[in-house]
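All remarks here apply to the structure that follows.
Just so it is clear: chains get the letters A, B, ... in the order the sequence lines come, proteins before strands, and each one is counted from 1. Please read these numbers as outputs of a predicted model, since none were measured by experiment.
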Amino acid sequence: MIREKDDGRKRGLYSFGSPYVTDTVGKYQRELALLLSESPLRIYKSGEILFDQGDIGNRFYFIKKGKVMATMSNQHGAVKIVAIHASNSFIGDTALGQHSHYATGVTLQESEVHVIENSHFESCVKRHPKVAFLVIESLLRKACNAALQLEDLSLRNAKQRVAHVLIELSNEIGRETDGGVEIEEKMTHEILAGLTGLARPTLTGVLNDLERSNVIIKKNRLIIIIDEKKLSHILD
DNA sequence: GCATTAATATGAT
DNA sequence: ATCATATTAATGC
């Protein structure tokens, strides 16, 4: 079986993005200001729903402060977390046009969110075409996130999924310390299980296993990666 | 190998 | 003290 490409890079380690999204604005700060100028800011309490899976979207959202997750669930109450969006990212934008939302948007904490009407977005783009690129950037992130998770869910086992999400999190919100790379957000096992599509006890078991083999250290709800090599090795 | 369920333990407020 | 979260064990697919 072919494991490496001609240039030696590993397969399956495409690394644009993570299910934890911190910022997709980048160089489009001016365009963001134009888009938000007529988009009211709303405060949502923790656990509030911005939009529901299946609803037709007439508006999308920009998270100024706080956290909003996208979840998919079935009739039996099983829940998959598609992504967690932090400050400076859009959510609900995949329903632009006449499409319905493929996920539900729920706040994880009290959040300040700009509500952007699709009609406003369209007229804004007509006046300032570059505004489209701002949103395209966000949509790209979602496309890549979906592809990465497709790979995880179809091709990887529990341990590999956990290793992968830890690598993604360390790329997105990791901080180098003397002890290793610390993931700078507290994550409950429930959230990590939701992100990896695993049952919570399974997730707990894998994390404990990784700690026993000196790959990570757990501190209340923080995770420090002390052996990045071993962690990425789990994926090959 | 992993999900589900339940029982128990630990931690946060 | 109470509620949320984490761990561990038992069982089944």
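- Side-chain rings of Phe51(A) and Phe60(A) stay apart, their centers remaining 6.0 Å or farther from each other.
- When heavy atoms are screened at a 4.0 angstrom cut-off, Ala199(A) is found touching base atoms of the nucleic acid.
- Heavy-atom contacts of chain A under 4.0 Å fall on DNA chain B between two terminal nucleotides, which in 5' to 3' order are dC2(B) to dA12(B).
- In this structure, CG in Leu203(A) is found 9.0 Å from OG1 in Thr188(A), a value given to the nearest 0.5 Å.
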Would you list the atom pairs, donor with acceptor, under 3.5 Å between side chains in residues 38-48 of chain A and any protein atom, with sequence neighbours excluded?
residue	atom	partner	partner atom	Å
Ser39(A)	OG	Leu35(A)	O	3.0
Ser46(A)	OG	Leu108(A)	O	3.2
Glu48(A)	OE2	Lys45(A)	N	2.7

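- Between the side chains of Asn145(A) and Gln149(A), at least one donor-acceptor pair of N or O atoms lies under 3.5 Å.
- The CZ atom of Phe133(A) lies 10.5 Å from the CG atom of Leu140(A); values are rounded to the nearest 0.5 Å.
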When every nucleotide of nucleotides 4-13 of chain C is labelled 5' to 3' by its protein contacts under 4.0 Å (heavy atoms), B for base, S for sugar-phosphate only, - for none, what sequence of letters results?
-> -SSBB-----
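- In terms of modelled atom types and a separation under 3.5 Å, the side chain of Gln53(A) and the main chain of Ser73(A) share a donor-acceptor contact.
- Minimum interatomic distance between Val82(A) and Met72(A) (heavy atoms only, all atoms of both residues): CG2-CG, 3.6 Å.
- The 12-atom threshold is exceeded at CD of Gln160(A), counting heavy atoms of other residues, nucleotides or ligands nearer than 6.0 Å.
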